[in-house]
**Q** 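Got a structure here, written out as structure tokens. Questions coming.
In this chain, numbering begins with 1 at the start of the sequence shown. Indexing begins at 1, ligand by ligand and atom by atom, following the structure's order. These values consider heavy atoms only, across backbone and side chains, with no hydrogens, waters or symmetry-generated copies.
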Amino acid sequence: MDRDKILLTPGPLTTTLRTKLTMLKDWGSWDSDFNAVTARIRHNLLDIIHGHDSHVVVPLQGSGTFSVEASVATLVPHDGHVLVLDNGAYCKRAARLTSLMGRRCSVLAFDEATQVSPAALADKLKQDPSISHVVLIHCETGAGVLNPLQEIADVCKAQGKGLIVDAMSSFGALAIDARAIQFDALVAASGKCLEGVPGMGFVFIRKAVLDGCAGRSQSLAMDLHDQYVYMEKTTQWRFTPPTHVVVALAEAIAQFEEEGGQPARLARYRSNYSTLIEGMAQLGFKPFLDPTIQAPIIVTFHAPADSRYEFKKFYAAARERGFVLYPGKLTQVETFRVGCIGAIGPNEMAQAVLAVALTLQDMGITSAAPTH
Ligand SMILES: Cc1ncc(COP(=O)(O)O)c(C=O)c1O
């Protein structure tokens, strides 16, 4: 059937028809109408974190990783030392890109089924005064863990360290208030909880550190300070903007505001999450994480123990029924993931659970219980 499948993935995700329809128009990058859209987005993004007094926001072309890389390149001096708090795959990616950019990088490792620890961070910073910046992944989308942003930010502030937050999969859904949480940079993207389409990221940079970032990036395309200065001066993007992505994001933000902003978005995702968890539990599925550290963004489930289970077949059969699942990203145990985000509600999630139930039936699996 020629109908969009529902994406139960952490981005790209299901978007509304309204958002999709805005992409049917062509926009010139020099045109004042388009530049007004960029300005409106930047204003609205700062509203979401209550950041007008403390931060600027700099959009950047590309997927989310481009903006994480740009943040490290722009904020960390060449002789800086970055500590990555690592409890999963996106943390490892952040550490890798930091090293590739020639910045000294250390990793404080945690189990992927736990949160990173503010106390362990405090100890590490005391032991090694050369650390200048800390990188935290707010929601580690690899397993779905919600990390303690406020507490980590408080430790960094108390010890005078810069904090770079990857809030890619949490921004817009989980509360982030720049008046209460001090960070030097916070990164997110268009195609996540704001429910736009993928293609641009944006970075909130603390005004107090902005001037010091001039000329620091060794990459022209990744230089957020340069992008900021050019955008302020001309109202335009430095290089070709992803015009359709930008107008779709403006439309998605308008719907975000109509829905009731971050609290309403979180309430819908929580409702998706509980519908999913309860329905899957009835089929025998077991979530990988303890619910107390689980973000209502993406859920990792253990693979069923039944020998007839095979992810590829399971995925294909659920897809046939209109739902796109996501493979697991853990190295030690076999899992798969289901996203709770996107322009869907609990009705769609209940249908997704039904599709999974029918898929198991087709595969001859009577219980989805894992081995442990
Ligand atoms: C925590 C986190 N960081 C970074 C990214 C960026 O990934 P990409 O470059 O594929 O957009 C993602 C995407 O899902 C993410 O969840």
**Q** Donor-acceptor pair, distance only, cut-off 3.5 Å: does the side chain of Lys20 make one with the backbone of Thr15?
**A** yes
**Q** Distance from Leu210 atom CG to Tyr228 atom OH, nearest 0.5 Å?
**A** 5.5 Å
**Q** Please verify the inter-ring angle class for Trp27 with Phe34; under 30° counts as parallel, over 60° as perpendicular, anything in between as tilted.
**A** tilted
**Q** Anything under 30° is parallel, anything over 60° is perpendicular, the rest tilted; go ahead and classify Phe204 against Phe171.
**A** tilted
**Q** Pairing donors with acceptors under 3.5 angstrom, does anything connect the side chains of Thr19 and Gln255?
**A** yes
**Q** Find all protein N or O atoms under 3.5 angstrom from an N or O atom of ligand 1 and list the pairs with distances, or write 'none'.
**A**
residue, atom, partner, partner atom, Å
ligand 1, 3 (N), Asp166, OD1, 3.3
ligand 1, 3 (N), Asp166, OD2, 2.6
ligand 1, 7 (O), Thr65, OG1, 3.4
ligand 1, 7 (O), Arg93, NH1, 3.2
ligand 1, 9 (O), Ser63, OG, 2.5
ligand 1, 9 (O), Gly64, N, 3.4
ligand 1, 9 (O), Thr65, N, 2.8
ligand 1, 9 (O), Thr65, OG1, 2.5
ligand 1, 11 (O), Gly64, N, 3.0
ligand 1, 14 (O), Lys192, NZ, 2.7
ligand 1, 16 (O), Thr141, OG1, 2.5

**Q** How about Phe183 and His55: are their ring centres within less than 6.0 Å of each other?
**A** yes
